[in-house]
Amino acid sequence: MRRFYTQGLELVELTSGLEIPWSMAFLPDGSMLVTERVGRLRHIDSEGLLSGPISGLPLIAQGGEGGLLGIAIAPDFSQSRRVFWSYSEPAASGQQGTSSAVASSPTGRYFHVQRAAVCLPVCVASP
């Protein structure tokens, strides 16, 4: 097995205090959004300062492999301020399904969230 440091790469810790970080998306200013599987979305600025949890996310089911999962920003993020993510959503049956959401954050302080799709167990577009 080859290790990353044999390839000339250097491991750099940007911040600490995250609980099971799952995915990250880099923003145009060099900062990033990071999902924590436990259901929190956090911002890390370009200096490594970790924000508190960002509010406005839907209810997220945690457990097993479920939680707040992948995240991506829109190609036109600078104008649209849109962020996409996938997450485990609690289902009425007591189970959980995978959902996706798109959100916009005009001010960068909170999200206007719209659920995009739900898979329980067949994926259908949400109304």
Side-chain angles (χ1 to χ4, degrees):
M1 176 169 82
R2 295 185 342 178
R3 300 188 186 277
F4 70 92
Y5 56 81
T6 65
Q7 303 301 310
L9 301 176
E10 180 182 348
L11 179 63
V12 176
E13 183 177 308
L14 296 176
T15 194
S16 60
L18 293 166
E19 187 175 348
I20 312 175
W22 200 263
S23 183
M24 67 180 125
F26 287 91
L27 299 171
D29 66 358
S31 65
M32 68 182 87
L33 295 172
V34 178
T35 63
E36 293 178 280
R37 192 179 74 186
V38 296
R40 290 187 295 260
L41 179 62
R42 309 286 286 270
H43 179 257
I44 301 174
D45 72 15
S46 58
E47 302 298 318
L49 181 64
L50 179 64
S51 75
I54 296 173
S55 62
L57 276 68
L59 187 59
I60 297 170
Q62 308 167 37
E65 292 295 314
L68 183 54
L69 306 171
I71 188 165
I73 63 168
D76 66 342
F77 177 82
S78 295
Q79 291 77 41
S80 71
R81 308 293 290 173
R82 287 183 300 160
V83 176
F84 305 89
W85 66 82
S86 62
Y87 63 101
S88 299
E89 181 175 30
S93 64
Q95 298 178 344
Q96 63 187 31
T98 302
S99 297
S100 58
V102 59
S104 61
S105 179
T107 66
R109 296 180 188 274
Y110 60 90
F111 284 112
H112 298 290
V113 178
Q114 179 179 2
R115 191 170 71 178
V118 179
C119 300
L120 292 171
V122 177
C123 192
V124 295
S126 292

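Keep in mind that what you see is a predicted model, and the values were worked out from it rather than measured. Residue numbers start at 1 and run along the sequence shown. Any value given below was found using the heavy atoms of this structure, including those in side chains, with hydrogens, waters and symmetry copies removed.
Both L27 and I54 are assigned to one and the same hydrophobic cluster, defined by single-linkage of ILVMFWY side chains at heavy-atom distances under 4.5 Å. Following chains of ILVMFWY side-chain contacts shorter than 4.5 Å, one can reach M32 starting from L18, so the two form part of one hydrophobic cluster. Linking Ile, Leu, Val, Met, Phe, Trp and Tyr whenever their side-chain heavy atoms come within less than 4.5 Å puts F77 and L41 in one cluster. Linking ILVMFWY side-chain heavy atoms closer than 4.5 Å, directly or via other members, places F26 and L50 in a single hydrophobic cluster.
Heavy-atom minimum distance, R40 versus E19: NH2-OE1, 3.0 Å. For the pair H43 and S31, the tightest heavy-atom approach, listed with the atom from each and the gap, is NE2-OG, 2.9 Å. The shortest heavy-atom contact between A72 and A25 is CA-CB, 4.2 Å. Shown here for M24 and V34, the closest heavy-atom pair between the two residues is CB-CG2, 4.0 Å. Across all their heavy atoms, Y87 and I60 have their closest contact at CD1-CG1, 4.0 Å.
Atom CG of residue D76 and atom CZ of residue R81 lie 11.0 Å apart, to the nearest 0.5 angstrom. We find the CD1-CG distance between I20 and L68 to be 12.0 Å, quoted to the nearest 0.5 Å.
Contact annotation: the side chain of P58 approaches that of W85 to within less than 4.5 Å [non-hydrogen atoms, C-beta and beyond].
Remark: side-chain polar atoms of S23 are paired, donor with acceptor, to backbone N or O of I71 under 3.5 angstrom. Here the side chain of T15 pairs a donor or acceptor atom with the backbone of G48 at under 3.5 angstrom.
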